[in-house]
Amino acid sequence: QVQLAESGGGVVQAGGSLRLSCAASGSIATINNMDWYRQAPGSQREFVARITRGGITAYADSVKGRFTILRENAKNTVYLQMNSLKPEDTGVYYCNQFPLYSDIWGQGTQVTVFS
C-alpha cells in the first residue's frame with residue numbers, strides 16, 4: 001500500500017494539453033495496476049486509463065487517441081498526458097491502485113477546459 005498525491009491540473013483552452021502527475025509515497029514497482037479516474041461536477045467518478053505492471057495500457061473510449069498513461073517505477077510516479085482537450089474533459093482527476101487498496105484515493109487535481 002502506498003499513498004498517492006495528484007498534481008498538474010489547471011485551466012486550459014479546448015485543443016490544449018496538460019500532463020498530470022501521481023506521486024507515490026513508496027515503491028509502485030510491485031503494484032499490478034495504476035489507474036486514472038475523473039469526476040465531473042454533479043457526476044459519478046469514471047474510469048479514464050490503466051497501465052499494468054507489465055506496461056499494458058487501456059483507455060476509456062472517450063479519451064482513446066488523445067490521452068496517454070505513463071509509468072516510471074524508478075521515480076514512483078504515474079503520469080497522464082492529455083492532448084486535444086475538450087470541455088467535457090473537465091473534472092477532478094484521481095489516480096488509484098488496483099486490485100489491492102483500491103479504496104484509497106488522493107485529493108485529486110482539478111482540470112478545467114473552456115471553449
Side-chain angles (χ1 to χ4, degrees):
Q1 177 185 2
V2 298
Q3 187 174 350
L4 306 174
E6 303 90 343
S7 63
V11 180
V12 63
Q13 189 174 21
S17 299
L18 286 172
R19 189 180 74 162
L20 307 183
S21 297
C22 173
S25 62
S27 176
I28 64 169
T30 61
I31 299 176
N32 286 338
N33 302 283
M34 296 298 300
D35 304 339
W36 282 97
Y37 285 75
R38 68 186 181 189
Q39 187 169 22
S43 300
Q44 297 279 71
R45 190 171 299 176
E46 65 176 350
F47 170 81
V48 175
R50 165 171 288 179
I51 185 166
T52 72
R53 187 168 178 265
I56 301 172
T57 59
Y59 300 91
D61 289 341
S62 59
V63 308
K64 193 171 185 178
R66 300 187 297 118
F67 290 10
T68 303
I69 185 170
L70 306 170
R71 182 172 184 162
E72 294 192 25
N73 290 343
K75 297 180 180 180
N76 297 322
T77 303
V78 180
Y79 303 95
L80 185 68
Q81 178 66 48
M82 306 186 297
N83 299 325
S84 302
L85 283 163
K86 304 175 180 179
E88 51 262 44
D89 295 319
T90 293
V92 180
Y93 283 69
Y94 303 88
C95 60
N96 192 238
Q97 55 195 317
F98 185 87
L100 297 178
Y101 308 108
S102 60
D103 58 328
I104 299 176
W105 301 87
Q107 80 287 347
T109 185
Q110 176 70 47
V111 172
T112 302
V113 184
F114 64 92
S115 60

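Keep in mind that the numbers below use all heavy atoms, side chains included, and drop hydrogens, waters and symmetry copies.
V2 and S27 make their closest contact through CG1-O, 3.5 Å (heavy atoms, listed as atom of the first residue, atom of the second, distance). Heavy-atom minimum distance, S84 versus D89: O-OD2, 4.5 Å. Of all non-hydrogen atoms in T109 and G9, the two that sit nearest each other are OG1-N, 2.9 Å. Nearest heavy-atom pair across I31 and Q97 is CD1-OE1, 3.3 Å. Summarising the geometry of S17 relative to Q81, their closest heavy-atom pair is CB-NE2, 4.1 Å, with the distance given to 0.1 Å. The minimum heavy-atom distance between P99 and N33, with the atom names listed, is CD-ND2, 4.1 Å.
In this structure, L4 and C95 have side chains that are in contact, with non-hydrogen atoms separated by less than 4.5 Å. Between R66 and M82 the shortest side-chain heavy-atom distance does not fall below 4.5 Å. In this structure, the side chains of R19 and L70 stay at 4.5 Å or more apart for every pair of heavy atoms. Looking at Q110 and T90, their side chains come closer than 4.5 Å, going by heavy atoms from C-beta outward. R50 is not listed as a side-chain neighbour of M34, based on a closest heavy-atom distance of 4.5 Å or more.
At a threshold of 4.5 Å between side-chain heavy atoms, the hydrophobic network of Ile, Leu, Val, Met, Phe, Trp and Tyr places Y94 and I69 in two separate groups. Note on V12 and L80: same hydrophobic cluster, where clusters join Ile, Leu, Val, Met, Phe, Trp and Tyr whose side-chain heavy atoms are under 4.5 Å apart, directly or indirectly. Note: the hydrophobic cluster containing Y59 also contains V111 (ILVMFWY, side chain heavy atoms under 4.5 Å, direct or indirect links). Hydrophobic clustering, with ILVMFWY side chains joined whenever heavy atoms are under 4.5 angstrom apart, keeps L20 apart from Y37.
Within the 3.5 Å criterion, the main-chain N or O of A29 finds a donor-acceptor partner in the side chain of R53. The backbone N or O of A5 sits nowhere less than 3.5 Å from a side-chain atom of Q107 that would complete a donor-acceptor pair.
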Q | side-chain contact (heavy atoms from CB on, under 4.5 Å) assessment of Y79 paired with E72 | A | CA-CA 8 Å; Y79 303 95; E72 294 192 25; 3.5 Å; yes
(Q) Apply side-chain contact (heavy atoms from CB on, under 4.5 Å) to residues S62 and R38 and explain how you reach the verdict. (A) CA-CA 12 Å; S62 59; R38 68 186 181 189; 3.4 Å; yes
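F67 and W36 have their aromatic ring centers separated by at least 6.0 angstrom.
Taking CH2 of W105 as the reference point, atom CG of N96 lies at 4.0 Å (rounded to 0.5 Å). With rounding to the nearest 0.5 angstrom, the CD1 atom of I28 is 8.5 Å from the CD1 atom of I51.
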